[in-house]
Amino acid sequence: MLNELSIAAGLRGLRAGEFSAVELATAHLDAIAALNPRLNAYLTVTPDAALRGAAAADAALGRGEHAALGGIPLGIKDLFCTEGVRTTAASRMLESFVPPYESTVTQRLLQDGAVFLGKTNLDEFAMGSSNTNSAFGPVENPWKRSGDDAALVPGGSSGGSAAVVAARLAMGATGTDTGGSIRQPAAFCGIVGIKPTYGRCSRWGVVAFASSLDQPGPMARTVEDCAIMLRSMAGFDARDSTSVDRPVPDYAAACGRSLKGVRVGIPREYRVDNMPAEIEALWQRGVAWLRDAGCEIVDVSLPHTRYGLATYYIVAPAECSSNLARYDGVRFGRRVEAPTLDGLYEASRAAGFGSEVKRRILIGTYVLSSGYYDAYYLRAQKVRSLILRDFTEAWRTVDALLTPTAPSAAFAQGENMDDPIKMYLNDIFTVPASMAGMPGLSVPAGLDHQGLPLGLQVLGRPFDEETLFALGRAVEQAADFRGLPALHAGRA
Ligand code: GLN
């Protein structure tokens with residue numbers, strides 16, 4: 001079925017005239033109609049725009065124009081502003097927000113001929129690891145534990161994007177990653193995701209969570225597909241002051257690079273208490289695969305790793321409290337009328353934000369308040385510099401790092417919900433690279449004893465996504481991961 005193809009195969013088929021972009025979009029729209037009511041992975045589906053885009057892509061193909069993503073149907077995380085298409089950030093606050101402009105990343109994808117199927121669900125304002133913090137209901141992970149129908153979480157915050165890609169309801173999707181929101185859901189859903197270097201993809205037009213950490217990136221079923229998407233998404237943007245002006249390499253070409261002599265570090269601090277033995281075993285298999293591919297394996301130490309989570313959960317809420325201050329019901333966001341202005345602010349924010357967002361705004365305003373600023377925020381920023389220094393030191397001896405992506409496989413809806421700290425522990429392996437701005441790629445590497453996907457994470461030097469793609473491709477080939485989730489719109 002057409003919706004099972006990889007992006008690379010889709011491009012070949014379209015260019016060879018084996019099928020049309022309209023047929024490809026229609027296959028996906030049919031799959032969405034069949035499965036999305038169950039998965040709740042798309043918040044908004046845009047069939048008319050998709051078919052119009054596909055017809056335009058067919059016309060371009062007919063003229064012999066081979067745009068980089070000409071005719072490829074994608075899902076867009078509902079955190080990217082899309083002109084004329086509701087953009088909610090999965091929050092009541094933005095429930096009826098229709099942006100009058102297009103984010104830079106989605107604009108670039110459209111320019112390269114991509115076809116947007118709709119907007120994908122997420123944790124409200126990208127805060128979460130389970131997609132259960134959405135104001136519009138949780139996303140169901142298309143994967144099931146063997147012999148058990150319990151609904152599992154797809155991870156978060158880009159849980160809708162991960163689910164639509166895994167279930168074959170899109171060929172690829174955009175995500176954003178602040179502390180792991182591309183990599184952890186990719187691991188939970190058995191797909192590939194890369195958080196590029198901070199500054200590689202423009203944040204312009206992406207609803208802000210924590211601006212010094214937020215970074216858009218692609219999610220797809222193969223490493224090569226992520227490479228193809230990233231080439232279109234990345235690049236300098238004068239409208240984002242932290243965007244970096246460097247040429248965008250041909251990432252797909254990098255997937256096939258030789259790994260002879262590439263030095264891969266195994267950070268000893270990522271061996272945490274209570275990590276399931278099968279994740280440790282998978283990590284060791286990953287080490288062996290890379291050694292077989294010609295890499296040199298080196299033990300390294302990132303001594304400040306243990307402070308990653310604690311500092312992230314100060315810095316990210318601090319920035320969120322400042323970014324979300326704009327939703328006051330006056331200029332931005334849902335308004336609840338009240339007799340006084342203060343009353344209007346309070347009623348609007350009380351009604352517009354969910355409980356996790358409120359928790360983070362409270363923590364953030366607390367750590368930024370006078371008297372606590374030095375003790376928490378400033379201290380966290382200092383530790384952040386030490387975390388960065390750990391990575392910079394590591395790059396003197398190795399070219400990349402290999403770790404597990406997450407300390408567990410997907411858990412059930414309802415699990416880990418009673419205790420926010422437990423939920424935050426999901427990010428233990430992804431957060432340090434976020435704090436340091438380093439790129440990180442998650443690739444599915446195997447199944448656990450319950451038949452659920454597990455991911456390995458490759459971290460690399462700033463702006464060296466190419467090495468990540470080469471290493472990711474080697475893991476992908478060695479793992480030969482072909483798992484298909486229980487809920488999918490394909491042929492079993
Ligand atoms: N799970 C992390 C959090 O809740 C990361 C979220 C993200 O990367 N957007 O903050």
Side-chain angles (χ1 to χ4, degrees), residues 6-8 10-15 20-22 24-25 28 44 46-87 98-120 161 165 170-176 182 194 196-197 199-207 214-220 224-240 242-253 465:
S6 66
I7 292 175
L11 286 169
R12 281 194 296 272
L14 286 166
R15 290 168 185 176
S20 70
V22 167
L24 192 56
H28 283 89
T44 304
T46 53
D48 295 343
L51 291 172
R52 263 198 317 275
D58 281 331
L61 285 159
R63 293 190 297 271
E65 292 166 21
H66 290 176
L69 286 168
I72 297 298
L74 301 176
I76 302 299
K77 186 178 185 179
D78 207 16
L79 201 63
F80 290 82
C81 287
T82 39
E83 187 178 351
V85 177
R86 185 174 81 125
T87 299
V98 178
Y101 55 87
E102 190 74 34
S103 83
T104 298
V105 161
T106 48
Q107 183 61 45
R108 283 176 187 275
L109 288 168
L110 289 171
Q111 250 152 25
D112 278 350
V115 170
F116 294 169
L117 298 163
K119 307 296 292 288
T120 59
S161 289
V165 172
M171 295 182 113
T174 62
T176 63
I182 287 175
I194 178 169
T197 312
R200 182 72 287 192
C201 290
S202 171
R203 291 180 296 107
W204 193 82
V206 181
V207 176
D214 298 344
Q215 181 57 209
M219 307 171 81
E224 184 187 20
D225 285 1
C226 280
I228 293 170
M229 280 182 72
L230 182 59
R231 192 178 190 189
S232 290
M233 294 166 68
F236 177 65
D237 179 10
R239 290 180 295 191
D240 172 358
T242 57
S243 167
V244 175
D245 193 359
R246 304 171 61 117
V248 178
D250 182 350
Y251 295 120
E465 283 82 5

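This is a predicted model, so every value here is computed, not measured.
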Closest non-hydrogen atom pair, [X] against [Y]:
| X | Y | result |
| --- | --- | --- |
| A173 | M229 | O-CE, 3.5 Å |
| P196 | L230 | CG-CD1, 3.7 Å |
| S243 | G235 | OG-O, 3.8 Å |
| A220 | C226 | N-SG, 3.6 Å |
| G113 | A57 | O-CB, 4.4 Å |
| S103 | G205 | CB-O, 3.4 Å |

Can you find a heavy atom in the side chain of [X] that is under 4.5 Å from one in the side chain of [Y]?
| X | Y | result |
| --- | --- | --- |
| Q215 | C201 | yes |
| P216 | T174 | no |
| V206 | C81 | no |
| M171 | L24 | yes |
| I194 | P218 | yes |
| F80 | T176 | yes |

message: Applying salt bridge (Lys or Arg N to Asp or Glu O under 4.0 Å) as the test, list every pair that has at least one member in residues 73-87; sequence neighbours left out.
response: D78-K119
task: Mind jotting down which residue pairs meet the salt bridge (Lys or Arg N to Asp or Glu O under 4.0 Å) criterion with at least one end in residues 60-76? Sequence neighbours excluded, please.
output: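 Pairs touching residues 60-76 that pass the test: R63-E65.
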Using the test side chain to side chain contact (heavy atoms under 4.5 Å, CB included), find all partners of [X] that sit at least two apart in sequence or belong to another chain.
| X | answer |
| --- | --- |
| V244 | R246, F463 |
| I182 | S158, D177, M219 |
| A114 | L69, L74, L109, F116 |
| L61 | L14, R15, D58, H66 |

If the condition is side chain to side chain donor-acceptor pair (under 3.5 Å), which residues does [X] pass it with, not counting sequence neighbours?
| X | result |
| --- | --- |
| S232 | D112 |
| T120 | S161 |
| Q107 | none |
| S6 | none |

Rounded to the nearest 0.5 Å, how far apart are [atom1] of [X] and [atom2] of [Y]?
| X | Y | atom1 | atom2 | answer |
| --- | --- | --- | --- | --- |
| R231 | D250 | CZ | CG | 4.0 Å |
| T46 | R52 | OG1 | CZ | 9.0 Å |
| E102 | T87 | CD | OG1 | 8.0 Å |
| I7 | I228 | CD1 | CD1 | 6.5 Å |

field: Electrostatic pair R203:D214 at N-O distance under 4.0 angstrom
entry: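 Between D214 and R203 there is no salt bridge, as every charged N stays at least 4.0 Å from the carboxylate O atoms.
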message: For the residue pair T82 / T106, report whether a side-chain donor-acceptor contact shorter than 3.5 Å exists.
response: no
- request: Return yes if a side-chain donor-acceptor contact under 3.5 Å exists between R239 and S202, otherwise no.
  value: no
- line: By ring pair (Phe, Tyr, Trp, His ring centres under 6.0 Å), F236 pairs with (sequence neighbours left out) none
message: If the condition is ring pair (Phe, Tyr, Trp, His ring centres under 6.0 Å), which residues does Y251 pass it with, not counting sequence neighbours?
response: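 Listed in chain order: F469.
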query: Quick one: does D225's side chain have a donor or acceptor within less than 3.5 Å of a partner on A8's backbone?
result: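 Here the side-chain-to-backbone pair exists.
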